[in-house]
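Below: the structure, in C-alpha cells.
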Amino acid sequence: MSLPKAYEHKGVEDRWYRFWEERGYFRGQVNPKRNPFSIVIPPPNVTGELHFGHALNNTLQDIIIRYKRMDGYEACWFPGTDHAGIATQNVVERELAKEGLTRHDLGREKFIERVWSWKEKYGHRIREQLKAMGCSCDWERERFTLDEGLSKAVREVFVRLYEEGYIYQGERIINWCPRCQTALSDIEVTDEESEGRLYHIAYPIEDSEEAIVIATTRPETMLADTAVAVHPKDERYEKLVGKTAILPLLRRKLPLIADEAVDREFGTGALKVTPAHDAVDFEIAQRHQLEMINIFNADATTNEKAGPYQGLDRYECRKRVLEDLKREERLIKEELYVYAIGHCQRCHTVVEPILSKQWFMKMTELAKPAIQAVRKGEIEFIPKRWEKIYFDWMENIKDWCISRQLWWGHRIPAWHCDDCGELTVSRKTPKACSACSSKNIQQDEGVLDTWFSSALWPFSIMGWPEKTPELTYFYPTSYLSTAPDIIFFWVARMIMMGLHFMGKIPFRVVLFHSIVKDEKGRRMSKSLGTGVDPLELKDQYGMDAVRFTLAYSMSQGQDLRLSLADVEGARKFLNKIWNATRFALMNLEGFSAKGLTLKQLPLQLEDRWLLSKLARTIEAVRAHLDSYEFNVVGSTLYDFIWHDFCDWYLELIKPRLTEGASDKRAAQYVLYLTLRETLKLLHPYIPFLTEELWQKLPEKEAESVMIAPFPRSESAWLDPEAERSMNILQELIVSIRTIRSALNVPPGKQAKVLIRTEEPAVERLIREHESFFQDLAWVKELSVGAHVQRPKQAPRKVLEYAEVFVSLDSWIDLDRQRDQLRHELEELRQKLASTERQLNNVEFLAKAPKEIVDKEKAKSEELAAKVERLEKNLELLGV
RNA sequence: GGGCGAAUAGCUCAGCGGCAGAGCGUCCGCCUUACACGCGGAAGGUCCCAGGUUCAAAUCCUGGUUCGCCCACCA
C-alpha cells in the first residue's frame, strides 16, 4: 500500500460522513446502561445559510459530542431549525415582490402555503451544510419549530401561562416596525446613533400673550399631543400649571400639567405629551387620565386623526408640519442633535412607538427562579462575566410583547367573541365562546414571537408535553453553546421556561463562544459583504482544516479573527499528520500488536520519553476539553504531534526500523500505540482525516475511530526520569546544531564534537546515546568526559551541566562565532545582574518561599559559571 | 449616562503573581528517502501610559489614553 505524498481532502470528507451515518453512529438512544450526554443545537433560521459563527459554534458542539460519545456516554445531539417568523416572511415577501405581488394579493392561506413550499425547497440546505461540516447530529431527531409536535407544545405553554395569569392582552406602547408592519419586543429594536434635529416649538397659552416652548425631535407627533407637562418643582413654570395651552396648527386645547417624569434640564424643561407615541408620555397620560390619540396607520402614514395632514408618510408629515410652524412663527429654534433612534433588528427601518393592543407575558416572577439557578451555580456561564449581564437584565426585566402581526408563525390560540367580546383561550379550536356559547368567534389574527417557540426548544424537541422517555433520560441537556448576542432572546427565556414547565434547568453549562470576524477585524456579515461561506473554505482547504482553525483560534471571551494564513497552517498540520502516519504505516507492514505488552518489550529511552509525553498530552487534552478551552487542546495536540512525535521521536527511531534491528519491535509497538491514541485524540477536531487514517491502521481497535474509546492517560507511562534525560540530550543536540549553523556548516559535513562534563550521570547518558548525536547533529566523532580539553579555537556552547565544543578545523568563521558569543554574553550578564539583585534583597530572602529562593540561587550560580566560561572563551578568541 | 472587553515580537494572538511564548512573516543554511505543504538554526519585546500593593507585577489595585461591544424612557 502506498499513499500519495500529500493529503488531498477532496472526496474523502463526504465519503466518511456517509459511512458514519449509514452505520447509525449519530443515533442517541435511551440507554439506562450509560450516562446520557445531550446537546440541543441552537436552531438556525430555515431560510438562512450558515456563516462562520455557525461554523464555529457547531464545530465546538461537534467536538464535545464526539468526545463524550467516544468516552462512553450515550451522546445525543438534537438538531433542527427555526421558522424565524419575521426573517422568513421577509424573504418570501421579497420573492413575491419580484413578481410584483404582496402577501395581501395572495391572502393569508396562500401566502403561508408559499412560505411552506419555500421552506421545503430551502430548509434542507442547513442540514446539508451541517453535514458538510461533519456535525454528528442525530438526524432522526431533527425538528422544526413549526412542526406539529412543537406547535402543540407552544399551544400548551400559551394556554397554561394564560390560565396562570402570566399571559395577558393589553393596550400599551409597543415598538412598531412600519415596514414589517408588526409589533416588536424591546430587544428586537436596536438603537443607532443618528444625527437629527431638536426643534423648539412655542405653544401659546390660552387667554394670554405668553407661550410655552417645548423641544422635540419628532415634531410630527405633536398632532397627537394631549397635554404639556413640566416638572412640579420647576419654578419657571409654576404659575402655568393648570392653565391651558393651544396646540399650534390643530388648535387643540392641551392641559398644562405637572409630572415628576419631566427632566428640568432637558431642552426648555417643558414636555409635549404624546401618549400614543411615546412610552414615557403614555405613563404620564395614565397618571393624569389624558386622552390618547394615535395618528398613524400601520405603515406609519398619518390617519384621519392627523386632520389636514392625513395620508402623509411620517417624514413628509414632519416636513409639512415644520413648514407650517415656520409660517405661523411657532418654530423658535432648531439645532443639530445626535441621538439614539430605534431601528428594526430585521429590516433596519426606524421603529415607531405606537399605542397598540397586544399580547404580553409577565416576566418578573418567571425570572426569579431563573436568576437563582445561575446564582447558585446550577447553570454555569462561560465566560463568567456573562452572568452579570444576565442578572442585570433579568432583575430589571420588562413584560414581553409576544404577539406579532405576521402570518408566518404560531397562530395565537385565542378567539374573540363577536357577541360578548370575551376571549376564549384554548389548546384546540373551540366551537363556541366559552363565556356566552356564541358561535361568532374569530381567532386572533396575530402569531407569536418566533422566540416564544425557541424558548421551549430544549424540551419541546424531546416530545413535551408528552411524557417521553427522551425527556426523562436526556433532559436537562449537558451543554449549550451559543453566541452571546442571543443571551436575552434565547438563553434567558429557555431557562425561565425550562424551570417553569419542566421544574428543572434546561442545561448545565452555557458556553458563549467568540464572535467570528474577518481578517480586518470586521464582523462577518452578509449584509456588510464581509461574509465568507465556510463551505467555500471547505472546498479549498478541507473542513478539517477549517474546524481545526476555528477551535484553535477561539479563546474564551475573546473575538476570533479568522485568518486564511491560519487555515493554511492547519492544512499543513493535516499534511504533517498524513505524512507521519504514512511513515508509520510503511514501517508497520507485517507488524502485529497482538499479544504484545509494553512490559515485555525492550523499551529505549526515547520510547519511554514519548509514552510519558503521550500520557501528559492525553491528560491535558481531557482536562481542557472538560473546561471548554478548545484552543489549548489544539495547541497541545499540535505541539505533541509536530514537535515531540515527528521532530524527535520519528527521527530517533529511524535507525531502529531498519531490517534486523534488535529493538525494532519495541519501536514499532510504541509507534503503533502513539499513532492510534493520537488519531483518537484528534478525532473530535479533525474527524475526516482521522477516519481516513484509522481505516489504514494494521489492527483497528474499532471499525471506526468515531466509536473507539477516547484515550485515557496511563500512569504507568509517566516517566520523569526519561523526560529529564531526553531534555539533556535534546539540549546538547540543539547546542551542536546551533554552533554548526552559526558557522554555516552544512549538515552533510560531519563534525567532531567534544563535551566536557563533570557529572558522571550526564557522561554516561551521552555515551549510551551516541547514535543520537550522529543521526540528529551529524557528529562523526564524540569525546565526552571531565577531562576533555577544548581544541584550539573550537567554538563552544555552555550549558548548565556541560560545555560543548565543535572542532571544525579549517572552516571556522571566527567573526561569526565572536559576534554570537558577545550577544550571548550580554544576555547572560543581564540575567545574572537581575538574579543578583534579587539575592541581595533581604526581604526576598526572608519572605519568598524557600524553593523560589533556592531556585534563584542555583540560577545565579549557573549564570555566573557560564559568564565566566564565556568570558574566557572570548579572551581565547582574541577579543 | 452606566456596564463590559481589548492594548504583549513586523502581523494575528496565547499567557494573567515566580526565567516573556506560539503561528505567520523576516534572515541564514539544507532536496538529511514520511512530509520543500518539509528540515535545521537565528534575529526580533518600555508586555499602552502614570501611580500603588507585593520579597517579586505583562499578570493584582487605582487613575488615564486609544479602540471595540453591550445596556439605558433626556423628549
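In what follows, every chain begins at residue 1, and chains take the letters A, B, ... in the order their sequences are listed.
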**Item:** Output field: ring centroids W386(A)/F381(A) closer than 6.0 Å
**Value:** no
**Request:** Rounded off to whole Å, could you give me the CZ-to-P distance for the F645(A) and rA34(B) pair?
**Result:** 13 Å
**Asked** Under 4.0 Å between a side-chain N/O of K576(A) and OP1 or OP2 of rC39(B), yes or no?
**Response** yes
**Item:** Value in whole Å for how far the P atom of rA34(B) lies from OH of Y672(A)
**Value:** 22 Å
**Request:** Please list every stem that involves RNA chain B, where a stem is a run of 3 or more consecutive Watson-Crick or G-U wobble pairs with both pairing distances under 3.5 Å.
**Result:** B:1-7 with B:65-71, B:10-13 with B:21-24, B:26-30 with B:38-42, B:48-52 with B:60-64
**Message:** Between E731(A) and Y801(A), do the side chains contain a donor N or O and an acceptor N or O under 3.5 Å apart?
**Reply:** yes
**Prompt:** Taking CZ from R737(A) and C1' from rC39(B), how many angstroms apart are they, rounded to a whole number?
**Reply:** 9 Å
**Request:** Would you kindly compare Y638(A) and E651(A) by the position of their nearest RNA chain B nucleotide and give the one closer to the 5′ end?
**Result:** Y638(A)
**Item:** Distance-minimising heavy-atom pair for S514(A) and L56(A)
**Value:** O-CD2, 3.5 Å
**Request:** Tell me what D775(A) touches on the nucleic acid: a base, only sugar-phosphate, or nothing, going by heavy atoms under 4.0 Å.
**Result:** nothing
**Prompt:** Once you round it to whole Å, what is the distance between C1' of rA34(B) and CZ of F573(A)?
**Reply:** 15 Å
**Request:** Mind calculating the distance between CG (N579(A)) and C1' (rU33(B)) to the nearest angstrom?
**Result:** 12 Å
**Prompt:** With respect to K272(A), which candidate in T226(A), T221(A), D278(A) satisfies the side-chain hydrogen bond (donor to acceptor under 3.5 Å, both in side chains) definition?
**Reply:** T221(A)
Side-chain donor/acceptor pairs under 3.5 Å, residues 190-197 of chain A, sequence neighbours excluded:
{"unit_1": "E192(A)", "atom_1": "OE2", "unit_2": "H348(A)", "atom_2": "ND1", "d": "3.3"}
{"unit_1": "R197(A)", "atom_1": "NH1", "unit_2": "E334(A)", "atom_2": "OE1", "d": "3.0"}

**Request:** For W778(A), answer base if it contacts any base atom (sugar-phosphate contacts may also be present), sugar-phosphate if it contacts only those atoms, and nothing otherwise; contact means non-hydrogen atoms under 4.0 Å.
**Result:** base
**Prompt:** What is the nucleic acid contact for A279(A), judged by heavy atoms within less than 4.0 Å: base, sugar-phosphate only, or nothing?
**Reply:** nothing
**Message:** Under 3.5 Å, is there any donor-acceptor pair linking the side chain of Q556(A) to the base of rA14(B)?
**Reply:** no
**Message:** In terms of relative ring orientation, are F573(A) and W642(A) parallel, tilted or perpendicular, with 30° and 60° separating the classes?
**Reply:** parallel
**Message:** Holding to salt bridge (Lys or Arg N to Asp or Glu O under 4.0 Å), I want the full list of residues that pass it with K517(A), two or more places apart in sequence or in another chain.
**Reply:** D559(A)
**Message:** Would the distance check show the side chain of N575(A) and the main-chain N or O of R571(A) forming a donor-acceptor pair, the cut-off being under 3.5 Å?
**Reply:** no
**Message:** Would R561(A) and D566(A) count as a salt bridge (charged side-chain N to carboxylate O under 4.0 Å, His left out) here? Give the steps.
**Reply:** CA-CA 10 Å; R561(A) 210 181 275 206; D566(A) 288 348; over 6 Å; no
**Asked** Heavy atoms under 4.0 Å, any strand shown: does R571(A) hit a base, just sugar-phosphate, or nothing?
**Response** base
**Message:** Can you say whether a donor on the side chain of K5(A) sits under 3.5 Å from an acceptor on the base of rC35(B), or the other way round?
**Reply:** no
**Spacing of D191(A) atom CG relative to rA75(B) atom C1', expressed in whole Å** = 14 Å
**Nearest-angstrom distance, P atom, rA7(B) to rC61(B)** = 14 Å
Return the polar atom pairs (N/O with N/O) between nucleotides 4-13 of chain B and the protein under 3.5 Å, or none.
{"unit_1": "rC13(B)", "atom_1": "OP1", "unit_2": "R561(A)", "atom_2": "NE", "d": "3.2"}

**Request:** Quote, to the nearest angstrom, the P distance that separates rA14(B) from rG52(B).
**Result:** 30 Å
**Asked** When the C1' atoms of rG41(B) and rU32(B) are considered, how many whole Å apart are they?
**Response** 15 Å
**Message:** Nearest whole Å is fine: how far is rC35(B) P from N587(A) CG?
**Reply:** 12 Å
**Message:** Under 4.0 Å, heavy atoms only, any strand: does W642(A) hit a base, just the sugar-phosphate, or nothing?
**Reply:** sugar-phosphate
**Prompt:** Heavy atoms under 4.0 Å, any strand shown: does Y337(A) hit a base, just sugar-phosphate, or nothing?
**Reply:** sugar-phosphate
**Request:** Using only heavy-atom distances, determine whether the side chains of H200(A) and E335(A) contain a donor-acceptor pair under 3.5 Å.
**Result:** yes
Expected rows: protein N/O vs nucleotides 55-57 of chain B N/O, under 3.5 Å:
{"unit_1": "rC55(B)", "atom_1": "OP1", "unit_2": "K847(A)", "atom_2": "NZ", "d": "2.4"}
{"unit_1": "rC55(B)", "atom_1": "O4'", "unit_2": "E843(A)", "atom_2": "O", "d": "3.3"}
{"unit_1": "rC55(B)", "atom_1": "O2'", "unit_2": "N841(A)", "atom_2": "ND2", "d": "2.9"}

**Message:** We want to know whether E188(A) and S185(A) form a side-chain donor-acceptor pair, criterion being a heavy-atom distance below 3.5 angstrom.
**Reply:** yes
**Item:** Distance in angstrom units between E193(A) CD and rG1(B) P, rounded
**Value:** 11 Å
**Prompt:** Which part of the nucleic acid does V632(A) contact within heavy-atom distance under 4.0 Å: base, sugar-phosphate only, or nothing?
**Reply:** nothing
**Prompt:** Distance between the P atoms of rG2(B) and rC49(B), in whole angstroms?
**Reply:** 27 Å
**Message:** Let me spell it out: for each of I515(A) and D186(A), pick the nucleotide of RNA chain B with the closest heavy atom. Which residue's pick is nearer the 5' end?
**Reply:** I515(A)
**Check: S553(A) side chain, L550(A) main-chain N or O, donor-acceptor pair, under 3.5 Å** = no
**Prompt:** Is K654(A) touching bases, backbone alone, or none of the nucleic acid, heavy atoms closer than 4.0 Å?
**Reply:** base
Under 3.5 Å, sequence neighbours excluded: what are the donor-acceptor pairs made by side chains of residues 647-655 of chain A?
{"unit_1": "D647(A)", "atom_1": "OD2", "unit_2": "H643(A)", "atom_2": "ND1", "d": "3.1"}
{"unit_1": "Y649(A)", "atom_1": "OH", "unit_2": "D607(A)", "atom_2": "OD1", "d": "2.7"}
{"unit_1": "E651(A)", "atom_1": "OE1", "unit_2": "K654(A)", "atom_2": "NZ", "d": "3.3"}
{"unit_1": "E651(A)", "atom_1": "OE2", "unit_2": "K654(A)", "atom_2": "NZ", "d": "3.2"}

